[in-house]
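Read through the structure below, which is laid out as structure tokens, and then see the notes.
Labels below follow one simple rule: chain letters A, B, ... track the order of the sequence lines, proteins then strands, and each chain is numbered from 1. This structure is a prediction, so every number in the text was calculated from the model and none was measured. All values below were derived from every heavy atom in this structure, side-chain atoms included, with hydrogens, water molecules and symmetry-related copies excluded.
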2 protein chains.
Amino acid sequence: MTRPSPRTDIAHEALKQAILERALQPGTKLPEDEIGAHFGMSRTLVRAVLAKLQSEGLVDARPKRTAIVAQPTLAEARDVFEVRRGLEAQAVDLVIKRWKPSFGAELEGLVREEDAARERHEEHVAGRLGGEFHIRLAKLSGNVLLERYMSELVTRCSLILAVYGSPHSHDHSGPNEHIEIIAALRAGDAAKAIALMDAHMSAVERRAMHDTDPAGAALGDVLARYAGAIAAPAGAIPLKRKRTR
Amino acid sequence: MTRPSPRTDIAHEALKQAILERALQPGTKLPEDEIGAHFGMSRTLVRAVLAKLQSEGLVDARPKRTAIVAQPTLAEARDVFEVRRGLEAQAVDLVIKRWKPSFGAELEGLVREEDAARERHEEHVAGRLGGEFHIRLAKLSGNVLLERYMSELVTRCSLILAVYGSPHSHDHSGPNEHIEIIAALRAGDAAKAIALMDAHMSAVERRAMHDTDPAGAALGDVLARYAGAIAAPAGAIPLKRKRTR
DNA sequence: AATACCAAAACTGTATACATGATTGACGGA
DNA sequence: TCCGTCAATCATGTATACAGTTTTGGTATT
């Protein structure tokens, strides 16, 4: 499928997967040395990989501190979903305009693969294929830039889902919704397709965000996550900030 | 306005400006050594700068060859404008939803600045302010990601305009169109604002793309630009490609 | 006169070294 | 017991060196 021959691509892909599968939890430090040692490459290259991951929103690398796995805030999550909804609508619109029967088959193929993976309880694979559906749709729009943006957005959404979604509530109704969207596309019904896509996005977003508070989440985790995002309450004691360990 | 203190930011900004003002023409080689010497920094840093410029679409840096100023193809230009139209519409939509009187003043301020600059015949400044209008609008949407994407798109459009637009036909009707959009925003008329914005985008695009063929353009330039974009005609003599000097 | 070939020059790919700044944990004072 | 201080440690910022590839210009060949 891909040719990640260059070592740097391998490292990039590996880290990306690890982050999206939550093997590396948000906030985890990513020292250049250690990563370099692990992948057998120098810091020079690791640096490039981290820079790319940062531009994709998966890593937070601030000026003079060790890079860490990104901890998207609720505000960021909202922004990502918002932009994504807009671009998904545009993608649907464009795809319908240049629709060919082969498109339907192509998309259905992906849905089937996803179903199969879920059947086999390979949730991570299924999740990836679920995202792949949207990227493929963007590709079918014929707009390369749109495809690139969509890829990035799907990736970011995956991280958000990994962070805020309950551990195993992986996108479950996805396939069915995808099937309905394909039907609308085939019928050339842009309005309906967009509406379905929007509903789909809302469902995913709700699934991601609504699961946030329930008992499951560890208090410490949640606090840590909010810590950076919320400005100190106006009247709060100006407690000389203790170092953040 | 900004604090481009870090040398790397200075170089980035300088190159960006130079490219957008067409001081560095598309295709111009950008050797790491030379740039480093010029800005007094090592190749390590130059590399990072070039990578960033590449991600912004201003530079084309392929695996083992010297980076060059990007030469957007017509297809790429089309894609950029297409995506931009979509995001502009979304921005308008969001801005209207959270409209505050101060927004109008803010946007009008930019338009006035642009007018003033044009009055002074500072076309480059005026052009930049024209783009700034759209970035500011995106910012007012309250969506940081949308703002980031819009910045990138505006930049890319500027390059396209620089490449395909006739040398001095800088965005001329811009200000008026911007004023009309502000009026629609103030009235809370989303449909009208989006329509105006779309017309505005079409105007800019037409101005950029339609000027392509007229006598002015040097034949060699045009051919060179198309060379990479067009697949060899089906029956063409499989001329062993001579090196491209 | 055009083409193929080849070695010098021009650059990039990558690792490594050194300088500098952050982080940590222990120690001592209030 | 709680802070604040300080030095050792850890990790990044940046330059530079060396290896390997591409590009270039000239020369020999047809």
Review point. Between B:Arg148 and B:Glu152, does at least one N-O distance fall below 4.0 Å, as a salt bridge requires?
Key: no
Practice item. Could you tell me whether A:Lys52 and A:Glu56 make a salt bridge, using a distance below 4.0 angstrom between a side-chain N and a carboxylate O? Key: no
Pairwise N/O distances under 3.5 Å, protein to nucleotides 7-11 of chain C:
residue : atom : partner : partner atom : Å
C:dC11  : O3'  : B:Thr66 : OG1          : 3.2

Using a 4.5 Å cut-off on heavy atoms from C-beta on, say whether the side chain of [Y] contacts that of [X].
| X | Y | answer |
| --- | --- | --- |
| B:Leu140 | B:Lys100 | no |
| A:Ile68 | A:Val59 | no |
| B:Ser141 | B:Glu147 | no |
| A:Met150 | A:Lys139 | no |

Check your understanding: Just wondering, more than 12 heavy atoms not from B:Gln17 lying within 6.0 Å of its CD?
Key -> yes
Could you state the atom-to-atom distance from [atom1] of [X] to [atom2] of [N] in whole Å?
| X | N | atom1 | atom2 | answer |
| --- | --- | --- | --- | --- |
| B:Arg62 | D:dT21 | CZ | P | 19 Å |
| B:Ile68 | D:dT23 | CD1 | P | 11 Å |
| B:Phe39 | D:dA15 | CZ | C1' | 18 Å |

Review point. Should B:Arg7 be listed as having a side-chain N or O under 4.0 Å from OP1 or OP2 of D:dA15?
Key: yes
Practice item. Begin from the C-alpha positions of A:Glu132 and A:Arg128 and carry the test salt bridge (charged side-chain N to carboxylate O under 4.0 Å, His left out) through to its verdict. Key: CA-CA 6 Å; A:Glu132 192 67 33; A:Arg128 188 162 50 228; over 6 Å; no
Enumerate the protein-to-nucleotides 16-20 of chain C contacts in which both atoms are nitrogen or oxygen and the separation is below 3.5 Å.
residue : atom : partner : partner atom : Å
C:dT16  : O4   : A:Thr44 : OG1          : 3.2

